[in-house]
Chemist: 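Following this message is one structure expressed as structure tokens.
Computed over heavy atoms, backbone and side chain alike; hydrogens, waters and symmetry mates excluded. Proteins get letters first, then strands, A, B, ... in listed order; numbering begins at 1 in each.
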Amino acid sequence: MENITIKNLSFKYPESGKKALDDISLEISQGEYIVLAGKSGCGKSTLLRHLKPSLTPNGEREGGIFIGEKEIGLLSEREQAEKIGFVMQDPDNQIVTDKVWHELAFGLENLGLDSDTIRLRVSETAEYFGISEWFTSDTASLSGGQKQLLNLASVTAMRPDILILDEPVSQLDPSSAGNFLGILSKLNKETGITVIITEHRLEEIFNSADKIAVMDNGKIISFASPSETGELLPSVDIIKYLLPAPMRIYAETGDFSLPCPVSVRDGVKWLSETVKSPVFTSVEADTNVNAEISLKLKEVYFKYEKKGKEIIKYLNASFKKGVITAVLGASGAGKSTLLKLIAGIYKPLSGKVSAGGKLKTAYMPQQTRNVFTEKTVLADLEIIDKNKENIGKTVEVTGIRDILNSNPFDISGGEAQRAALAKLLLTSPDVLLLDEPTKGMDGEFKEKFALILRNLADGGKTVIIVSHDVEFCASYTDECMFLFDGAIASHKDTRSFFCANAFYTTAASRMSRPIFENAVTAREVIYLCGKNLKIQAKNQPKE
Amino acid sequence: MKSFERCHPVTNFVYYICAVIFGMIFLHPVFLCISFFSAFFYSLKLYGGKVFKSFFCFLLPVMTASAVINGLTAHYGVTPLFFMPNGNSVCLEPVIYGFVSGASASCVILIFFCYNKTVNSDKLYYVLSKSLPKTALLLTMSLRFAPMYSKKIREISEAQKGLGKGTDSGGLSERIKNGLRILSVLTSWALENSVETADSMKSRGYGLKNRSHYSDYRFSRTDAVMLSVMTVCCIVVIIGAAKGETYVLYNPFFEISKITPFSVFVMFNYVVFFVTPLISDLFGEYRVKNPKKGAIPAQRA
């Protein structure tokens with residue numbers, strides 16, 4: 001049994017005044033599933049990299065990390081390669097070889113195992129992770145979800161005691177992410193492997209986790225079980241960006257007489273026991289925007305290859321000026337293709353994309369960094385428009401003044417997203433097309449980004465986003481479309497859209513459904529809870 | 001007996017390496033016919049009728065062109081066919097030699113056709129990893145890059161096109177500029193990624209001593225039989241060649257070694273060597289279609 005002990009660990013990057021890690025102490029027992037939560041840039045990744053000596057960054061370091069009794073730096077190269085597995089964020093870059101079977105064997109070859117042992121481990125691992133069917137495929141032909149599963153499998157094949165995962169599902173769509181986390185939790189339960197994971201989307205992980213370590217500014221501010229975390233932290237500001245909806249609603253409602261619900265199932269029970277006789281059951285419906293239609297798709301049909309799969313099948317849709325519209329749907333439903341058709345990157349095989357007057361579109365791809373071509377953000381903006389005044393205005397709108405002289409490859413995902421938006425805006429488009437803009441962003445960045453989008457929409461731009469992020473769409477868009485099988489299955493204003501869906505909707509909506517009529521976001525549920533609890537308190541004076 | 005495609009990489013490589021060398025150096029008409037037609041029939045077996053198309057559209061024109069060009073440009077030979085307007089004679093010998101070397105080249109191309117169908121990158125990796133482990137790893141890594149880069153180029157071009165900076169907007173110089181920009185992003189992206197790939201390799205123990213090489217190939221009885229047959233044949237052919245049984249001269253006049261019982265024996269071995277894969281495939285198919293008695297249990301009622 002190898003426990004991990006972190007004792008008073010502090011760390012400073014070279015030439016940085018601030019401590020990235022500040023006096024961190026943690027005790028992690030063998031077999032525990034630990035979630036490291038916190039805002040972007042709070043030091044999560046830095047801490048994780050300290051647990052894997054070959055990836056530990058250079059800098060000033062104090063304190064120590066012990067695996068069992070042994071200081072981590074004293075582990076031999078072989079021990080640390082074999083015993084500590086590390087899975088990174090990007091599914092593509094971790095893959096080394098061209099074949100799935102070879103990727104699984106790569107680590108085992110490095111350890112110098114003989115072919116018989118490798119054969120056994122590789123076959124067993126492939127079977128456990130359900131990758132036998134694509135065992136002989138090229139790694140290039142796999143989907144993102146499959147690639148990340150392969151990365152997990154090839155690390156696990158080395159039989160590590162500790163698995164460290166740095167935002168492993170942030171680049172995956174929800175169903176692949178769910179699959180990945182399901183297998184991870186099964187692995188933890190069935191083999192007793194220690195799991196330490198960071199992630200922005202915490203809804204699913206919280207159910208499997210034994211303990212949550214919340215980090216802020218390089219410090220651990222709480223280390224407790226999921227339900228205790230909800231009770232310990234109601235006053236901390238960052239909480240609303242971190243916790244799953246049921247926990248957030250619990251924490252912010254401020255009634256701690258019952259234990260904190262972690263899952264939606266517990267949340268439904270908690271809500272019905274807390275709000276016993278609801279008086280207020282609905283929030284005011286938003287004033288309906290009767291905006292003019294700016295963009296119309298008529299019977300649009302598209303496929304990539306002559307004999308290939310049909311992607312978009314005679315699709316009709318309309319988008320309004322000054323409105324943020326979200327296109328939701330499973331991966332492979334054709335969402336990205338739809339955006340590219342509107343952007344004019346592809347031409348429909350039949351049908352028409354028609355805009356009232358001549359509208360200019362600007363398109364932001366899923367891989368935001370593809371937008372940049374220069375060495376600094378400023379140089380990138382100047383390619384589009386040299387006018388200083390225009391640049392200044394755009395920089396103001398998107399709030400990227402601090403990163404103007406940074407290299408686009410060095411800034412964080414959230415910053416890159418805003419810088420890319422700035423570049424788009426300089427082309428003075430009427431229609432903004434954004435493909436998965438919130439991928440890998442944490443809650444705070446999402447809110448900032450949404451605010452920018454709202455201002456742009458109010459300024460008369462048509463904003464169309466494609467997203468998997470149900471929570472984001474529910475909070476910040478005006479209208480939603482559901483794309484299924486190459487056509488629009490539903491198009492409603494955001495509130496009616498999510499109220500009408502039973503599965504494809506927010507956790508807050510699923511949780512509050514039995515009691516409240518049309519609450520969609522956590523904030524609305526908290527608002528209604530608060531109102532009802534006030535009435536309840538009035539009606540039942542203190543005994 | 002199993003098909004040649006399923007044989008051990010060593011069996012495959014011994015055959016292909018010897019076949020290519022023999023096909024290139026033995027220009028004796030009989031030997032050339034043997035190697036050419038064996039390669040032709042084996043590719044026919046592997047690819048089907050498509051081979052006729054490539055034979056008539058590509059290989060035959062190559063041989064003819066080589067005969068014509070060599071005939072018109074080389075001025076040796078003792079059997080004049082006709083005189084060109086400038087007074088130079090065109091002789092039979094260079095024409096024949098041109099045709100023969102064209103046939104030899106076509107033979108090698110056919111052997112590579114067969115190679116492509118029966119040997120995949122995994123087998124090449126296996127053979128390389130035994131002799132040049134670093135090169136082998138480089139090979140498997142680069143095989144991953146090609147599809148990855150082409151996908152990335154497409155993504156970047158689409159993103160730039162969405163900004164009006166694609167390779168199809170603006171004048172020629174603008175287009176070239178845009179194209180270069182796309183390439184420059186690709187480079188920085190590739191460098192950035194290779195850092196992460198290196199991290200992933202290091203964290204999985206790359207660089208430890210005594211790295212091993214995993215392969216799932218087993219050396220079976222078929223491999224042993226085929227390899228010994230091929231080795232024996234090769235040795236006989238090499239002895240025969242050393243004794244001058246493959247001797248042929250095209251320049252300046254045509255001369256060829258005499259047919260003797262020994263030369264027939266060498267030719268027989270040459271045939272056996274070249275058709276081994278074909279026989280192995282045919283026999284393997286026959287066995288699957290006509291299993292040994294009792295190999296498949298009678299269907300239950």
Chemist: Going by residue number, which parts of residues 153-168 of chain A are within reach of chain B, meaning a heavy-atom gap below 4.5 Å?
Modeler: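 Heavy-atom contacts from residues 153-168 of chain A to chain B are S154(A), V155(A), M158(A).
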Chemist: Quick check on T139(A) against chain B: is it the side chain, the backbone, both or neither that has a heavy atom closer than 4.5 Å?
Modeler: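 Contact with chain B is through the side chain of T139(A) alone.
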Chemist: Does the side chain of T140(B) come under 3.5 Å of the side chain of D98(A) through a donor N or O and an acceptor N or O?
Modeler: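 Distance-only check passes for T140(B) and D98(A).
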Chemist: Could you grab the distance from atom OG of S200(B) to atom CD of E103(A), nearest 0.5 Å is fine?
Modeler: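 S200(B) OG to E103(A) CD: 6.5 Å, rounded to 0.5 Å.
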Chemist: Between K52(A) and K202(B), does the side-chain contact (heavy atoms from CB on, under 4.5 Å) criterion hold? Intermediate values first, please.
Modeler: CA-CA 11 Å; K52(A) 176 81 181 168; K202(B) 217 165 52 177; over 6 Å; no
Chemist: Using a cut-off of under 4.5 Å on heavy-atom pairs, state which of M364(A), M88(A), K360(A) scores highest against chain B.
Modeler: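 Option with the greatest count: M88(A).
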Chemist: Can you say whether T197(B) sits under 4.5 Å from chain A via the side chain, the backbone, both, or neither, judging by heavy atoms?
Modeler: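 Contact with chain A: backbone and side chain both.
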Chemist: So which bits of residues 113-122 of chain A come within less than 4.5 Å of chain B, counting non-hydrogen atoms only?
Modeler: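 Heavy-atom contacts from residues 113-122 of chain A to chain B are L113(A), S115(A), I118(A), R119(A).
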Chemist: Report which part of S76(A) has an atom under 4.5 Å of a heavy atom belonging to chain B: side chain, backbone, both, or neither.
Modeler: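 Neither; nothing under 4.5 Å.
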Chemist: Compare every heavy atom of N110(A) with every heavy atom of G205(B), then report the nearest pair and how far apart it is.
Modeler: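 G205(B) and N110(A) have their closest heavy atoms at O-CB, 3.2 Å.
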Chemist: Would you call K161(B) and K340(A) a side-chain contact if the rule is heavy atoms closer than 4.5 Å?
Modeler: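 No, every pair of side-chain atoms sits at 4.5 Å or beyond.
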Chemist: Under 4.5 Å heavy-atom distance to chain B, tell me which part of L55(A) shows up: side chain, backbone, both or neither.
Modeler: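 It is the side chain, since no backbone atom gets that close.
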Chemist: Has F52(B) got more than 12 heavy atoms of other residues, nucleotides or ligands less than 6.0 Å from its CZ?
Modeler: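 For F52(B), atom CZ is not crowded (no more than 12 foreign heavy atoms under 6.0 Å).
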Chemist: Quick check on the interface: out of F145(B), W189(B), Y206(B), who has the most heavy-atom pairs with chain A under 4.5 Å?
Modeler: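 Winner by heavy-atom pair count: Y206(B).
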Chemist: Using a cut-off of under 4.5 Å on heavy-atom pairs, state which of I383(A), T361(A), I84(A) scores highest against chain B.
Modeler: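 The residue among I383(A), T361(A), I84(A) with the greatest pair count is I383(A).
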Chemist: Side chain from CB out, backbone as N, CA, C, O: work out which of these in Q366(A) comes under 4.5 Å of a heavy atom of chain B, or both, or neither.
Modeler: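 Q366(A) has no heavy atom closer than 4.5 Å to chain B.
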Chemist: So which part of E192(B) gets closer than 4.5 Å to some heavy atom of chain A, the side chain, the backbone, both or neither?
Modeler: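 Just the side chain, heavy atoms under 4.5 Å.
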Chemist: Any non-hydrogen side-chain atom of E158(B) less than 4.5 Å from a side-chain atom of Y346(A)?
Modeler: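 Yes. Closest side-chain heavy atoms under 4.5 Å.
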Chemist: Given a strict heavy-atom distance threshold of 4.5 Å, which part of Q367(A) is in contact with chain B: side chain, backbone, both, or neither?
Modeler: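 Answer is side chain: those atoms of Q367(A) sit under 4.5 Å from chain B.
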Chemist: With chain A as the partner, which of L143(B), N193(B), L137(B) has the greatest number of non-hydrogen pairs under 4.5 Å?
Modeler: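 Highest number of pairs under 4.5 Å: N193(B).
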Chemist: Is any side-chain heavy atom of Y125(B) closer than 4.5 Å to one of K99(A)?
Modeler: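 Counting from C-beta outward, K99(A) and Y125(B) never come under 4.5 Å.
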Chemist: Applying side chain to side chain donor-acceptor pair (under 3.5 Å) as the test, list every pair that has at least one member in residues 419-429 of chain A; sequence neighbours left out.
Modeler: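 Sorted result for residues 419-429 of chain A: D380(A)-K423(A).
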Chemist: Nearest 0.5 Å please: distance from the OG atom of S121(B) over to the NE2 atom of H102(A).
Modeler: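 Taking OG in S121(B) and NE2 in H102(A), the distance rounds to 10.0 Å.
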Chemist: Check the side chains of D122(B) and W101(A) for a donor-acceptor pair under 3.5 angstrom, ignoring hydrogens and angles.
Modeler: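 Checked: W101(A)/D122(B) side chains pair up, N/O donor to acceptor below 3.5 Å.
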Chemist: Got a second to check how far L208(B)'s CG is from R78(A)'s CZ, nearest 0.5 Å?
Modeler: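 Answer for the CG-CZ pair, L208(B) versus R78(A), is 5.0 Å.
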Chemist: Specify which of G207(B), P147(B), S215(B), S203(B) makes the most heavy-atom pairs with chain A at under 4.5 Å.
Modeler: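 Ranked by heavy-atom pairs under 4.5 Å with chain A, first place is S203(B).
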Chemist: Charged N to carboxylate O below 4.0 Å: is that the case for D92(A) and K152(B)?
Modeler: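 Answer for the salt bridge query: no.
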Chemist: Where along residues 172-183 of chain B does a heavy atom come under 4.5 Å of chain A, listed by residue number?
Modeler: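 Interface residues of residues 172-183 of chain B: R181(B).
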Chemist: Looking at side-chain heavy atoms only, is the closest gap between V185(B) and N370(A) below 4.5 Å?
Modeler: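 Answer no - side chains too far apart.
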Chemist: If you count heavy-atom pairs under 4.5 Å with chain A, which of V195(B), N210(B), D199(B) comes out on top?
Modeler: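 Among V195(B), N210(B), D199(B), the one with the most close pairs to chain A is D199(B).
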Chemist: Between M141(B) and V96(A), is there a side-chain heavy-atom distance shorter than 4.5 Å?
Modeler: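 They are in side-chain contact.
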Chemist: Please check if the number of heavy atoms outside F135(A) that lie under 6.0 Å from its CZ is greater than 12.
Modeler: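 It does: F135(A) CZ has more than 12 such atoms within range.
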Chemist: Determine whether more than 12 heavy atoms belonging to other residues, nucleotides or ligands lie under 6.0 Å from atom NZ of K45(B).
Modeler: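 Atom NZ in K45(B) is packed in, count exceeds 12.
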Chemist: For Q89(A), is it the side chain, the backbone, both or neither that has a heavy atom under 4.5 Å from a heavy atom of chain B?
Modeler: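 Contact with chain B: none, neither part.
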Chemist: To the nearest 0.5 Å, how far apart are CZ in F372(A) and CD in Q160(B)?
Modeler: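 Rounded to the nearest 0.5 Å, the CZ-CD separation comes out at 10.0 Å.
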Chemist: Determine the option with the most heavy-atom pairs under 4.5 angstrom with chain B, choosing from V371(A), T368(A), V87(A).
Modeler: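 Most pairs with chain B among the choices: V371(A).
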Chemist: Of the backbone (N, CA, C, O) and the side chain (C-beta and beyond), which part of A105(A) lies under 4.5 Å from a heavy atom of chain B, both, or neither?
Modeler: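 Interface part for A105(A): side chain.
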Chemist: Identify which part of L433(A) has an atom lying under 4.5 Å from any heavy atom of chain B, answering side chain, backbone, both or neither.
Modeler: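 Contact with chain B is absent: no heavy atom of L433(A) under 4.5 Å.
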Chemist: Report which part of I95(A) has an atom under 4.5 Å of a heavy atom belonging to chain B: side chain, backbone, both, or neither.
Modeler: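 Both parts, heavy atoms under 4.5 Å.
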Chemist: Based on non-hydrogen pairs under 4.5 Å, which of K151(B), K209(B), H213(B), M148(B) is most in contact with chain A?
Modeler: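 Most heavy-atom pairs within the cutoff with chain A belong to H213(B).
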Chemist: Should we count OH of Y115(B) as having more than 12 external heavy atoms under 6.0 Å?
Modeler: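 Check passes, neighbour count above 12.
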Chemist: Taking CG in N58(A) as the centre, count heavy atoms belonging to other residues, nucleotides or ligands within less than 6.0 Å. Is the count above 12?
Modeler: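 Atom CG in N58(A) is not crowded, with 12 or fewer foreign heavy atoms closer than 6.0 Å.
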